[in-house]
There are 4 protein chains.
Amino acid sequence: MDRKPGSTGDGRKAGRPRNPGTDRIILAAARKLLAEGGLEALRFEVLADMAGVSRPTIYRRWASKPDLVNEIAYGGDDPFPARPIGDLRQAIRFVFEQLRDHYAQPDVSAAAIGAIVMGQKEGAAHPPALAVEAERTAREALRAMIEDGKARGLVRGDADADALFDIAVGAILYRGLFSADSRPRHDDVEPLVDIVMAGLQP
Amino acid sequence: MDRKPGSTGDGRKAGRPRNPGTDRIILAAARKLLAEGGLEALRFEVLADMAGVSRPTIYRRWASKPDLVNEIAYGGDDPFPARPIGDLRQAIRFVFEQLRDHYAQPDVSAAAIGAIVMGQKEGAAHPPALAVEAERTAREALRAMIEDGKARGLVRGDADADALFDIAVGAILYRGLFSADSRPRHDDVEPLVDIVMAGLQP
Amino acid sequence: MDRKPGSTGDGRKAGRPRNPGTDRIILAAARKLLAEGGLEALRFEVLADMAGVSRPTIYRRWASKPDLVNEIAYGGDDPFPARPIGDLRQAIRFVFEQLRDHYAQPDVSAAAIGAIVMGQKEGAAHPPALAVEAERTAREALRAMIEDGKARGLVRGDADADALFDIAVGAILYRGLFSADSRPRHDDVEPLVDIVMAGLQP
Amino acid sequence: MDRKPGSTGDGRKAGRPRNPGTDRIILAAARKLLAEGGLEALRFEVLADMAGVSRPTIYRRWASKPDLVNEIAYGGDDPFPARPIGDLRQAIRFVFEQLRDHYAQPDVSAAAIGAIVMGQKEGAAHPPALAVEAERTAREALRAMIEDGKARGLVRGDADADALFDIAVGAILYRGLFSADSRPRHDDVEPLVDIVMAGLQP
DNA sequence: GCCTAATCGAGACGGTACGTCGAGTCTTGTC
DNA sequence: GACAAGACTCGACGTACCGTCTCGATTAGGC
């Protein structure tokens, strides 16, 4: 449901191999379009022109627009590499900072929201499997922290790690998208950490 | 930039008046489409058929799809009527419940996210003026509560009411959209209230 | 199939009578539009504005666009009043001059050609009954002259009056329409008379 | 201002070539519609269905309805290939027969009259450049004959070849359109030749 | 050093939706 | 009843974008 198989990365043999640099050029152009005009500005014709490439060359790499958008939103290297740190507050802040660093990129937030919209059509996987997969590491890290905190008596017993995670993602994503230019970006996660930490007190 | 002027709501003018029922029928059909298939399922041709109406009749009322979607997301009666209640916790819960009640409607959340996506295109008002307007009451109610709480020493001095509000809306909206059928809906605002209340402690 | 019955000209009794001047104002506006932009420029909305009248007021008088166009092309007083004159050549010239005087009006020629085009649609009377009716007088006058000429030995026996008539109308109409501005209008029927007279020689 | 540039007829260019058969299928369907119902029956949606083609495919070949109609009226191979023949009368008959053969086709006459009507709208070329171009050969052939006849003393000095040509076209076209089914078609040009020949006598 | 097979640019193509326009009808309130 | 105003249906228009396809021309391997 994502990147099409091809010469790049496969053990292919016959035929002309794909130009590996083309992938990056297309992605860069797509990110620019998404960042500047959102999902509706991402036209494949425009994208092809920007990348100096033909439309079929794009479709050779991604089967459809949702696939490309999904890759921008959640593809590439693991966006949320786990890294447990001693202090609970620090650990939570670190998870939130990862979420913020990811979704604060305008292309990524536009792609993420676009993936949601395009994923609403009947029959599509919902929520997008890639999103679930991508967030899994961060979600589980947070869950582990909370459970550990509960075990050590540092966190109240009825704290809901999943709700907490969704609250953080929703808040970060929404602020990034909604308050585009009229209000300051939510660059500082500290208030969010404050609120959440307080909410975890036993 | 929203509803086109017309008989409905105007002082009696010349000409055949618009059929006021038509507005409601179209809106009901549009809500159904949005709730079931999201923004991409909202086709004007299908909408016209469902409403037993011709396409031009829809365009006579809303200039474009964004206008219609905006009205569904934020139009109609004030979705967040202010009603201050004694206890701070109760008051905050009440605001959050209003937000939840609004965005928990699948048509409304689909329209709200659609408004964001369609509002990203160059030249469109972003964020949609209607959204800002509609949320103003609730936002100011929350702000007043926080200020009052600060004055009475019940709330820490650096609490950011706007950040709080966006966190709440983002969390509610995101959960409603993202966890459509795979996880339970975020029907209970109590955890959110818990977290926030704790975060307000001086 | 033409003018709708109404107060004007009927023995009507009840209700407010139609404003008789309105008919002329509408017709004048329609002629102007036809003359300047042809059939496609004759929009009822524009027509109504020009005439200072509402669209239903037009439809109260003519059931449809073809009806209005037909009236302009062939309506009103008999456009080809018979008036036999002694000399055969003079008589023929007179008929042709009548045809020319009628079809040389740009509004009339546009209406006539428009009537043909709109009359081609399946199920419509073809050729338009009004055209046949209007031309009948002139056609029969020409026929009578030719027959008379034959009887007197002035015209060859196999002369076809109907073909002659169609040739004249077609030539006059086509020249008027086709050579709008690139070539001189066919204002002088003398060459046509010359040709035809010679063709009638026994 | 006519046929859009495309693979057909060009020097081999890049890209998928147009299916050359598609052009013919569309034209055949358009001719059928024109012949049966005139200009108003030529709907692009119906045309697309008949040709088993999508609407954009038609617009890829002709920019608008007038362009398509013009091509049917005057496009394709030269409809009036000059071929001078000895006898003046034979030569003139030959030109008229060419005109008759062309305009006697119901699709062509419908298209020709349609081109006139659609060409009247403000800003359009009038008369259609294609018509002028297509008829040029025949017009000049007739003109050459007349001049030659004058030089040889066979034709009166003040004969107007252009008027003659327009008379012939107008007569042929008008009879074909006007007398669609109520009177016999003007299949025999002999009477027209008779008249014209006599009119040319010195 | 050919041969094969996939890539690439270009652009046609079907499909589907968009937003607009004109014709003709209908429904108000006013005269 | 006529009339102005304008809502309404129907059907067509021309455009836009998506994803597929078909060309000719490259461009690597594998033999």
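Given the structure is predicted, the values throughout are model-derived calculations rather than measurements. Below, read A as the first sequence line, B as the second, and so on, with proteins coming before strands; counting in each chain starts at 1.
The side-chain heavy atoms of D:V69 and D:P66, taken from C-beta on, include no pair separated by under 4.5 Å. At least one side-chain heavy atom of C:K65 sits under 4.5 Å from a side-chain heavy atom of C:L39.
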Can you list, pair by pair, the side-chain donor-acceptor contacts under 3.5 Å of residues 25-33 of chain A, counting residues two or more places apart and other chains?
| from | atom 1 | to | atom 2 | distance (Å) |
| --- | --- | --- | --- | --- |
| A:R31 | NH1 | A:D107 | OD2 | 2.9 |
| A:K32 | NZ | A:E36 | OE2 | 3.0 |

Pairs of donor and acceptor atoms involving the side chains of residues 45-59 of chain B, under 3.5 Å and at least two apart or interchain, shall be tabulated with distances.
| from | atom 1 | to | atom 2 | distance (Å) |
| --- | --- | --- | --- | --- |
| B:S54 | OG | B:T57 | OG1 | 3.2 |

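Judged by distance alone with a 3.5 Å cut-off, a donor-acceptor contact links the side chain of D:R16 to the base of F:dC21.
In this entry the distance linking CH2 of D:W62 with P of E:dA12 reads 13 Å, nearest Å. For B:L47 and E:dT16, the CG to C1' distance is 16 Å, given to the nearest whole Å. When the P atom of E:dA17 is taken as reference, atom CD of D:E45 falls 13 Å away, rounded to whole Å. Residue C:E40 contributes atom CD, which lies 13 Å from atom C1' of F:dA12 at whole-angstrom precision.
B:L42 comes within 4.0 angstrom of sugar-phosphate atoms only, judged by non-hydrogen atoms across all strands, and of no base.
DNA chain E is contacted by A:G52, A:V53, A:S54, A:R55, A:P56, A:T57, A:R60 of residues 51-60 of chain A, taking any non-hydrogen atom closer than 4.0 Å.
For B:A73, the side-chain contact (heavy atoms from CB on, under 4.5 Å) partners two or more places apart in sequence, or in a different chain, are B:A111, B:A112. Taking D:R24 as the reference, nothing meets the side-chain contact (heavy atoms from CB on, under 4.5 Å) condition, with sequence neighbours excluded.
If you find the closest nucleotide of DNA chain E to A:T22 and to B:R43, the one lying nearer the 5' end belongs to A:T22.
Look at C:K65 and you won't find any side-chain N or O under 4.0 angstrom from OP1 or OP2 of E:dG24. The side chain of B:R18 contributes no N or O atom lying less than 4.0 Å from OP1 or OP2 of F:dA5.
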